[in-house]
Protein chains: 2
Amino acid sequence: MSLSTDRDKLQAADKPTLYKQIRLDIERRILTGEWPPGHRIPFEHELTARYGCSRMTVSKALSELAQADLIERRRRAGTFVRRPKFLSAVLTIPDIRAEITALGRSYFYQLTQCSRRAATAADRARLGVRKSGKVIAIACRHSADGVPFAIEDRLINLDAVPEAASADFSIEPPGTWLLHHVPWTEAEHSISAIVADAAAASALDIAVGAPCLVIDRHTWRSARPLTAVRLVYPGEAHKLVARFKGG
Amino acid sequence: MSLSTDRDKLQAADKPTLYKQIRLDIERRILTGEWPPGHRIPFEHELTARYGCSRMTVSKALSELAQADLIERRRRAGTFVRRPKFLSAVLTIPDIRAEITALGRSYFYQLTQCSRRAATAADRARLGVRKSGKVIAIACRHSADGVPFAIEDRLINLDAVPEAASADFSIEPPGTWLLHHVPWTEAEHSISAIVADAAAASALDIAVGAPCLVIDRHTWRSARPLTAVRLVYPGEAHKLVARFKGG
DNA sequence: GGTGTCGATATGTCTATACATATTCCCGTC
DNA sequence: GACGGGAATATGTATAGACATATCGACACC
């Protein structure tokens with residue numbers, strides 16, 4: 001009996017490696033709806049027969065699909081196409097200095113306020129720490145080509161980032177310094193809209209009542225709060241872009 | 001000679017599988033700065049000796065780290081720690097109906113306008129299509145517990161999504177229908193802040209001049225435009241949350 | 001009927017080996 | 001010294017086989 005498998009067809013199609021072709025083949029069937037959500041994908045031993053390869057090879061393809069959340073693998077039960085995933089996107093928020101200079105615009109940084117103090121009750125609540133400790137409170141402004149770009153209001157948890165005590169934030173923006181010196185493991189962004197009050201309007205050189213985009217970011221390392229920052233951007237001038245690419 | 005490896009140490013520490021422990025161990029060294037960006041990670045054959053396992057096992061750990069963009073692997077040269085990645089987060093924007101009902105609030109949907117037409121020049125520009133074709137234009141409003149939650153203004157490219165012609169958008173919100181029926185591969189979100197004009201204020205039951213958060217989303221399948229939507233939320237009432245967790 | 005145990009089964013991990021492929025390095029030639 | 005070609009080497013892919021682990025289902029027992 002001739003053992004004709006789909007492997008020949010796939011190999012003929014293109015050049016890349018076998019496991020990648022298997023991955024793409026299954027991906028295609030899912031994206032076109034041929035295998036709808038909930039559908040049970042053939043067992044690994046069936047796929048080895050279909051593609052004429054070893055179990056490790058199809059397993060590698062399935063592992064990557066599972067990592068991408070396209071399928072779900074359950075022992076003893078089999079492998080299933082997942083319900084459509086949430087609409088999600090990778091929101092990239094680069095360091096502001098890098099963002100501005102990358103656009104070829106001149107960057108200007110102004111430290112408005114910088115103080116080191118024992119954490120107040122409000123500081124602890126904002127950072128999410130229980131014990132009392134020391135913090136650095138910073139307010140500053142970023143400008144691009146002389147035009148205010150964003151204002152920043154930040155707290156740094158000195159107990160978690162003691163080396164921040166010796167950083168000079170009058171020269172280097174705290175976000176830039178932190179990004180280059182402090183590794184982090186978790187971050188949370190909360191995005192909202194406000195209208196400028198008198199202080200924000202003055203700092204951003206816009207009208208009182210103009211719309212502003214606000215990003216509140218908290219950063220942790222291994223569940224330990226590192227810093228909390230609020231960035232206020234002129235609303236219509238700035239856009240956050242988030243992209244998602246499947247595959 | 002006794003062949004003592006780090007494997008015993010790792011195995012003692014916890015329970016999970018060996019390759020995962022190797023992955024976590026390397027990840028830790030990178031995150032703590034012990035292995036800074038640009039540092040060459042020991043060769044696979046050195047890691048097999050260090051952890052006392054086969055090359056396939058360390059390779060699996062390295063593959064996952066490479067997929068997560070923490071390291072870069074180059075043939076003949078070795079494996080290197082990557083430059084610090086951008087501050088990025090996964091922004092999850094679920095279906096609005098699901099988002100509201102998940103909070104235990106009652107969902108109410110109102111179709112304001114729905115028309116099928118040949119694409120105008122403005123439609124084509126907004127969708128990013130060149131050829132003329134048919135589109136569906138929809139305006140609607142989402143409410144939670146009777147309070148306006150967001151207004152939506154959407155175009156659907158009927159050439160790419162012909163089955164949308166037979167959907168009844170007076171019952172099911174278009175976002176929900178699309179999410180359940182149309183697979184997508186790329187999406188782009190642009191987030192900004194505006195103040196409510198008279199129309200938005202009336203639709204959202206807020207004051208003219210109140211801040212609003214705006215999300216413009218474009219969705220493609222294999223580079224083919226599917227839909228373009230603008231969502232306007234009352235700005236201070238709603239927050240978008242984006243999280244990142246390393247590992 | 002409810003419960004618990006046990007076997008069957010599909011995925012998960014790991015090994016040892018082999019060959020492919022990309023890239024660097026070095027050496028010999030012009 | 002510049003250039004070209006081949007050896008050395010580190011990663012990339014694939015195989016067959018083995019054992020681990022989770023879980024569904026069936027059967028036995030209370």
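Predicted model, so just to flag it, every value in this text is computed and none were measured. Numbered from 1 within each chain, the chains take letters A, B, ... in sequence-line order.
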Novice: I would like to know whether L213(A) and I191(A) meet side-chain contact (heavy atoms from CB on, under 4.5 Å); could you show each step before the answer?
Specialist: CA-CA 7 Å; L213(A) 197 61; I191(A) 304 167; 4.1 Å; yes
Novice: Starting at atom CZ of F80(B), determine the distance to atom P of dA10(D), rounded to an integer number of angstrom.
Specialist: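 After rounding, the gap between these two atoms is 11 Å.
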Novice: How long is the span from the OG1 atom in T17(B) to the CZ atom in R23(B), to the nearest 0.5 Å?
Specialist: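 Nearest 0.5 Å value for the OG1-CZ distance: 9.0 Å.
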Novice: Take the protein atom CZ of R40(B) and the nucleotide atom P of dT9(D), then report the distance between them rounded to whole Å.
Specialist: 14 Å
Novice: Write down the distance between CD1 (I22(A)) and P (dT13(D)), rounded to a whole number of angstrom.
Specialist: 12 Å
Novice: Mind checking S63(B) for me? I need base, sugar-phosphate or nothing, with any heavy atom below 4.0 Å counting as a touch.
Specialist: nothing
Novice: In whole Å, what is the span from the CD atom of E72(B) to the P atom of dT11(D)?
Specialist: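 From E72(B) CD to dT11(D) P: 13 Å.
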Novice: At less than 4.0 Å, is any side-chain N or O atom of T57(B) found next to OP1 or OP2 of dT15(C)? Yes or no.
Specialist: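 Result: yes.
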Novice: Whole angstroms only, please: what is the CG-P distance between L18(B) and dA20(D)?
Specialist: 15 Å
Novice: Regarding R217(A) and T227(A), do their side chains bring together a donor and an acceptor under 3.5 Å, going by distance alone?
Specialist: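 On atom types as modelled, these side chains do not qualify, holding no pair under 3.5 Å.
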Novice: For the atom pair CD (E163(A)) and CD1 (I156(A)), what is the distance rounded to the nearest 0.5 Å?
Specialist: 10.0 Å
Novice: Side-chain N or O of T79(B) less than 4.0 angstrom from OP1 or OP2 on dT11(D)?
Specialist: yes
Novice: Generate the contact string for nucleotides 16-26 of chain C. Rules: B means base contact, S means sugar-phosphate contact only, - means no protein heavy atom under 4.0 Å.
Specialist: BBB--BBBBS-
Novice: Ring-plane angle category for H142(A) and Y107(A), please: parallel below 30°, perpendicular beyond 60°, tilted otherwise.
Specialist: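 Answer is tilted, since the angle falls between 30° and 60°.
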Novice: Nearest whole angstrom, please: distance from the P of dT21(D) to the OH of Y19(B).
Specialist: 15 Å
Novice: So, does K60(B) get its side chain near the phosphate of dT13(C), meaning an N or O under 4.0 Å from OP1 or OP2?
Specialist: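 True: K60(B) side-chain N/O within range (under 4.0 Å) of dT13(C) OP1/OP2.
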Novice: Select one nucleotide: of dT13(D), dT11(D), dA10(C), the one nearest the side-chain heavy atoms of R73(B).
Specialist: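 Given the options dT13(D), dT11(D), dA10(C), the side chain of R73(B) is closest to dT11(D).
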Novice: In whole angstrom, what separates Q21(B)'s CD from dT13(C)'s C1'?
Specialist: 13 Å
Novice: Restricting to ring pair (Phe, Tyr, Trp, His ring centres under 6.0 Å), what partner residues turn up for F80(A), sequence neighbours left out?
Specialist: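 For F80(A) there are no ring pair (Phe, Tyr, Trp, His ring centres under 6.0 Å) partners, ignoring immediate neighbours.
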Novice: Could you check how far CG of L47(B) sits from C1' of dT11(D), rounded to whole Å?
Specialist: 12 Å
Novice: Taking atom types as modelled, is there a side-chain donor on Y19(B) or E64(B) under 3.5 Å from an acceptor on the other?
Specialist: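 There is such a pair (donor and acceptor under 3.5 Å, judged by atom type) between the side chains of Y19(B) and E64(B).
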